[in-house]
Q: 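Below: one structure in structure tokens.
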There are 2 protein chains.
Amino acid sequence: MSDHPAAALDGASPRASAASDPAGPSLCEGLPPLPADGAVCARDFPEAHTIRTVIARLGDKWTLLVVGLLGDGPARFTELQRRIDGISHRMLTQTLRALERDGLVRRTAYPEIPPRVEYALTPLGRSLLEPTLALVRWAAEHHPELTTARDRYDAAHPEPD
Amino acid sequence: MSDHPAAALDGASPRASAASDPAGPSLCEGLPPLPADGAVCARDFPEAHTIRTVIARLGDKWTLLVVGLLGDGPARFTELQRRIDGISHRMLTQTLRALERDGLVRRTAYPEIPPRVEYALTPLGRSLLEPTLALVRWAAEHHPELTTARDRYDAAHPEPD
DNA sequence: CTGTATCCTTTTGGATACTG
DNA sequence: CAGTATCCAAAAGGATACAG
């Protein structure tokens with residue numbers, strides 16, 4: 001699991017893309033020149049594995065919600081469970097373990113009875129907060145459009161009974 | 001599936017949070033005042049459903065890669081399949097359908113023989129590109145740290161044989 | 001309170017064959 | 001070339017019981 005570190009995506013050496021340039025640098029910037037066969041970018045998509053590793057961590061059902069909540073400050077296990085509607089005991093544990101393993105969350109257990117455990121974002125975890133919140137903001141802003149589009153699509157594509 | 005539109009997360013009326021304030025506005029900004037029992041924010045996390053809807057779309061195995069590639073310009077089915085290493089025919093179809101349904105991708109079929117179909121991001125899809133790329137950039141930048149943390153954790157927590 | 005283990009259901013996704 | 005349908009294996013995730 002040792003890809004190239006931070007190759008590409010870093011800025012510098014932009015290349016004209018086939019379409020408009022809406023969000024600044026593309027996914028593929030900084031890659032070696034293309035074989036000039038008209039392909040736009042990223043033949044074999046070297047960052048794909050890196051991206052998928054991260055997305056796999058972030059993209060599960062609960063991770064982003066946990067990170068988002070911890071962004072407001074440290075919290076205990078039960079506190080998190082109470083706030084995240086519908087999460088099961090097992091999934092919260094599992095999510096927190098994975099985040100801890102990846103160095104995004106720090107777990108602090110106080111040797112008391114009954115036990116008390118606090119979870120908090122690490123600096124690395126906090127650095128994730130920014131792109132996460134950007135996505136959350138996008139979600140909040142555009143959710144109505146998604147719903148509308150969905151309804152329209154479903155109306156136009158009735159499933160054959 | 002009709003939540004409140006863009007409630008919260010919009011800026012204005014910040015509230016002191018229990019910890020530092022790393023990434024600007026928190027997940028919970030703009031919510032009605034808390035019951036003052038020491039809780040930090042977002043009792044029942046009303047955005048949770050909205051967030052999960054979006055995360056569910058973005059968080060699957062291939063969506064972000066497809067969106068990222070389409071960010072470089074329109075592409076045909078086979079082109080996408082060739083570029084995204086490991087994606088199956090079925091999954092690419094399914095991913096594109098879901099994106100089309102949500103209004104993020106526009107599908108254009110040319111009535112030729114053999115058939116030619118082009119996929120392109122809609123304006124809404126392009127608006128997603130920005131937060132997406134932010135996340136991708138984060139992934140590229142911090143992947144090494146994740147790997148390191150992971151190795152360290154695994155070394156410290158040998159699984160019981 | 002926090003965490004682990006077990007069981008079982010649902011979902012995801014790959015392989016493949018077939019259609020226009 | 002693009003798309004659909006079927007079948008099947010693997011993974012995710014919920015419920016529950018139990019332990020420190």
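Scope of the values below: all heavy atoms of this structure, side chains included, with no hydrogens, waters or symmetry mates. Predicted, not measured: the structure shown is a model, and the values here were computed from it.
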Q: Nearest whole angstrom, please: distance from the P of D:dA12 to the CG of A:L58.
A: 15 Å
Q: Distance check needed: C:dG3 P versus A:L99 CG, whole Å only.
A: 13 Å
Q: Compare all side-chain heavy atoms of A:F77 with those of A:T93 and state whether any distance is below 4.5 angstrom.
A: yes
Q: Please give, in whole Å, the distance from C:dT2 P to A:R107 CZ?
A: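 Those two atoms, CZ and P, are 10 Å apart.
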Q: Nearest whole angstrom, please: distance from the P of C:dT11 to the CD1 of B:I55.
A: 19 Å
Q: Which residues pass the side-chain contact (heavy atoms from CB on, under 4.5 Å) test with A:R90, sequence neighbours left out?
A: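 Checked A:R90 against side-chain contact (heavy atoms from CB on, under 4.5 Å); matches are A:S88, A:Q94.
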Q: Nearest of C:dG3, D:dC1, D:dG3 to any side-chain atom of B:T93?
A: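 The nucleotide sitting nearest to the side chain is D:dG3.
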Q: For B:T122, check side-chain hydrogen bond (donor to acceptor under 3.5 Å, both in side chains) against everything at least two apart and list the hits.
A: none
Q: Tell me the interatomic distance from A:E79, atom CD, to C:dT2, atom C1', rounded to whole angstroms.
A: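 Distance, rounded to whole Å: 14 Å.
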Q: Does a side-chain heavy-atom distance below 4.5 Å link A:W62 with A:L92?
A: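 The answer is no, as the side chains (C-beta and beyond) never meet within the 4.5 Å cut-off.
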Q: What residues form a salt bridge (Lys or Arg N to Asp or Glu O under 4.0 Å) with A:R97, not counting sequence neighbours?
A: A:E100
Q: Do the side-chain N or O atoms of B:R97 get closer than 4.0 angstrom to the phosphate oxygens (OP1, OP2) of D:dG3?
A: yes
Q: Under 4.0 Å: is that the gap between some side-chain N or O of B:Y119 and OP1 or OP2 of D:dG3?
A: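 Yes, within the criterion.
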Q: Give a yes or no on whether the backbone of A:R57 and the side-chain of A:T63 come within a donor-acceptor separation of less than 3.5 Å.
A: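 The answer is yes, because a donor-acceptor pair under 3.5 Å joins these two groups.
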Q: Can you list everything that forms a side-chain contact (heavy atoms from CB on, under 4.5 Å) with B:I55? Sequence neighbours excluded, please.
A: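 In terms of side-chain contact (heavy atoms from CB on, under 4.5 Å), with neighbours along the sequence ignored, B:I55 is linked to A:L64, A:L135, B:I51.
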Q: Taking the side chain as every heavy atom from C-beta outward, state whether B:L124 and B:D102 have any atom pair closer than 4.5 Å.
A: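 Not in contact.
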Q: Taking the axis from the first five pairs and the axis from the last five, what angle separates them in the helix from C:dC1-D:dG20 to C:dG20-D:dC1, rounded to 10 degrees?
A: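 Taking the rotation axis at each end, their angle is 40°.
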Q: Could you tell me how far apart A:I113 (CD1) and C:dG3 (P) are, to the nearest whole angstrom?
A: 14 Å
Q: Write down the distance between CD (A:E100) and P (C:dT2), rounded to a whole number of angstrom.
A: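 Those two atoms, CD and P, are 15 Å apart.
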Q: Using a cut-off of 4.0 Å between protein heavy atoms and nucleotide atoms, how would you tag nucleotides 13-20 of chain D 5' to 3' with B, S and -?
A: BBB----B
Q: Between A:L96 (CG) and C:dC1 (C1'), how many Å, whole number?
A: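 Checked: the CG to C1' distance equals 14 Å.
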Q: Check for a donor-acceptor pair, side chain of B:E79 on one end and backbone N or O of B:R76 on the other, with a separation under 3.5 Å.
A: yes
